[in-house]
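Data block below; observations after.
Note: hydrogens, waters and symmetry copies are ignored here, and every other heavy atom, side chains too, is used.
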Amino acid sequence: MGQCFEKVQLEIANFRKETGTEDYEGFLMLQNLLQYLEKQFEKLKKIKWLLGNPDMGTVDLVDQTSAKRFIVAQDYDPKLLLSNFSFRSTIFRHSLRLSVTVMIGYALGNFFDFQNPYWILLTIIVIMRPSYGLTKSRTKDRIIGTLLGGAIATGFVFSIQNPYVFGALGVVSLVIAFSMVQKNYRAGATFITLTVVFVYAIIRPDVITVIQFRVLDTLIGAGLSFVAMLWILPAWGFMEIREQIENSVKANKGFLAQIARYYEQKGKVTTTYKVSRKEAFVETSNLSSAFQRMAQEPVSKQKNLDKIYELVVLNHTFLSSLASFSTYIQNNPTTEASLKFKNFIAEIDKNLEQVLFALKESSSDQGPSPRESGQFSKEQLPTFVPKNIELSSKVDVKLERQLQEAHLVTEQLHWLFSLSGKMLRLVSKIEFE
């Protein structure tokens, strides 16, 4: 691998000789990219070393006080419980929905005198989830798995009459069911049905009736769960997506502030810096999950889906650029932060602040408008292409590193400002309800 890097380095050097000062900016870009790849390669080597069961005595242990800040402590304050007794709480709405559906299922099971009415309750409890998409998916898998298991069990019951064989098949089916239920719920439901039928085949002679009621109870429980998600206190994705976007933008804003502070002060990376980076990635992940739930809901409930998708992508791209900038300033010596750098960070931060304001005031027709990134970047940051370097002259190593840093910082800040401006323009066009 080292030979590959040396070959690329040689190619970059030849590129510089051939182009001279005509495309010096391109040379800086390639040089920065090569250094980034070398750093990533070193990280991969460390990961491989850790996965190879190294001697733990040589591994640096993390300070426990600092490590605790990365763990979200469980809050047992009664106020937290009371705050969830609100129709704004997704969990509270799900709890009420589940309770009402279970009572309806229990009433139906007793009114029509089903053989095992508790199967309806079990189906409802297992299938229903706070999100519509997951409930719909589990409903479909449960029905298909039960029908398939019932059909297979019927074939076994008609061809085999030995209770010992039923017992052995029941044990095997149960083991397979528990091993598959987390990976493939449809297959898990199939083998759970087989297990139930084989067990009942040992103790009851009318096993065909058992299969019929098993299928019927599952259909009733699945149907009630699906209808309840549509009509009983539904919690659609568009009702919470604004809060998720706001949390993610706040976390990215905090991460940007920590990056700027570290670039200005240098020194050792603080725990606060690492925590802000962790929170930014966690909130971005939460936003992506919320959008995925929204995308799985009925089309009539997918309000402003295209614009929200674009906003999610912009937010993710913004965090990726922050992470790239963060990696560079941590692994490379940097110069003193200039006034232009501070001004540019302030403008990016202002755009993010306006995004948060627009999210809170989304019902207003008039939203703040960002400055044009092109005009602002030309005023604040130069292109950093040296004008006085001749083709035959040798550039000082220190100067060349400063030029590489200036080029990378310029491009990153310009890109971050552009992304924040696009986010602001997009948020101003979305009407959250």
Run the numbers on Leu224 and Ile124 for side-chain contact (heavy atoms from CB on, under 4.5 Å), then give the verdict. CA-CA 7 Å; Leu224 287 175; Ile124 294 172; 4.1 Å; yes

Rounded distance (nearest 0.5 Å) linking atom [atom1] of [X] with atom [atom2] of [Y]:
X: Met294; Y: Glu240; atom1: CE; atom2: CD; answer: 10.0 Å
X: Thr101; Y: Leu121; atom1: OG1; atom2: CG; answer: 11.0 Å
X: Asn286; Y: Ile245; atom1: CG; atom2: CD1; answer: 13.0 Å
X: Glu411; Y: Leu413; atom1: CD; atom2: CG; answer: 10.0 Å
X: Trp415; Y: Ser420; atom1: CH2; atom2: OG; answer: 11.0 Å
X: Leu426; Y: Leu311; atom1: CG; atom2: CG; answer: 5.0 Å

Heavy-atom closest pair, residues [X] and [Y]:
X: Ser321; Y: Gln412; result: O-OE1, 3.5 Å
X: Gly109; Y: Ile120; result: CA-CD1, 4.1 Å
X: Met128; Y: Ala228; result: CE-CB, 4.2 Å
X: Ile259; Y: Leu322; result: CD1-O, 3.5 Å
X: Gly188; Y: Ala177; result: O-CB, 3.9 Å
X: Leu352; Y: Val249; result: O-CG1, 4.1 Å

Going by the angle between their ring planes, with limits at 30° and 60°, are Trp119 and Tyr200 parallel, tilted or perpendicular?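 Perpendicular, since the angle between the ring planes exceeds 60°.
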
Could you label the plane-to-plane angle of the Phe198 and Phe156 rings as parallel, tilted or perpendicular, counting under 30° as parallel and over 60° as perpendicular?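 Rings of Phe198 and Phe156: perpendicular, as their planes differ by over 60°.
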
Tell me if the [atom1] atom of [X] is crowded by more than 12 foreign heavy atoms within 6.0 Å.
X: Phe92; atom1: CZ; value: yes
X: Lys266; atom1: NZ; value: yes
X: Tyr118; atom1: OH; value: yes
X: Glu243; atom1: CD; value: no

Any donor-acceptor N/O pair, [X] side chain to [Y] backbone, under 3.5 Å:
X: Ser248; Y: Gln244; answer: no
X: Arg142; Y: Thr218; answer: no
X: Asn184; Y: Met180; answer: no
X: Thr193; Y: Ala189; answer: yes
X: Ser276; Y: Phe255; answer: no
X: Thr139; Y: Thr135; answer: yes
X: Thr195; Y: Phe191; answer: yes

Can you list the steps and then say if Glu297 with Arg293 is a salt bridge (Lys or Arg N to Asp or Glu O under 4.0 Å)? CA-CA 7 Å; Glu297 295 173 352; Arg293 292 194 297 270; over 6 Å; no

Side-chain contact test, heavy atoms from C-beta onward, threshold under 4.5 Å: evaluate it for [X] versus [Y] and give yes or no.
X: Asn315; Y: Leu319; answer: no
X: Lys422; Y: Ser418; answer: yes
X: Leu416; Y: Phe318; answer: yes
X: Gln354; Y: Asn351; answer: yes
X: Ile192; Y: Arg214; answer: yes
X: Lys140; Y: Ile144; answer: yes
X: Leu194; Y: Leu169; answer: no
X: Trp231; Y: Phe226; answer: no

I would like to know whether Thr90 and His94 meet side-chain contact (heavy atoms from CB on, under 4.5 Å); could you show each step before the answer? CA-CA 6 Å; Thr90 303; His94 171 67; 5.5 Å; no

Is the terminal nitrogen or CZ of Lys342 (NZ for Lys, CZ for Arg) located under 6.0 angstrom from the six-membered ring centre of Phe344 and within 45° of that ring's axis?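 Ring-cation test returns no.
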
So is Arg261 actually on top of Tyr273's ring, under 6.0 Å and inside 45° of the axis?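 No cation-pi geometry.
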
Do Tyr262 and Ser326 have side-chain atoms, one donor and one acceptor, less than 3.5 Å apart?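 No.
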
Given side-chain contact (heavy atoms from CB on, under 4.5 Å), test Lys136 with Gln296 step by step and report yes or no. CA-CA 9 Å; Lys136 179 181 177 182; Gln296 294 172 352; over 6 Å; no

I'd like to check the side-chain hydrogen bond (donor to acceptor under 3.5 Å, both in side chains) partners of Lys253; sequence neighbours left out, ordered by chain and number.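 With neighbours one apart ignored, the set is Asp349, Glu353.
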
Side-chain ion pair, Glu246 and Arg242, N-O less than 4.0 Å: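 The answer is no: the pair does not qualify as a salt bridge.
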
Run the salt-bridge test on Lys350 and Glu347 with the 4.0 Å N-O cut-off and return the result as yes or no.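 Looking at Glu347 together with Lys350, the answer is yes, because their closest N to O distance falls below 4.0 Å.
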
Assess the residue pair Asn247 and Leu287 against the criterion (side-chain contact (heavy atoms from CB on, under 4.5 Å)); give the C-alpha distance rounded to whole Å, side-chain angles, the decisive distance to 0.1 Å, and a yes or no. CA-CA 8 Å; Asn247 291 339; Leu287 175 58; over 6 Å; no

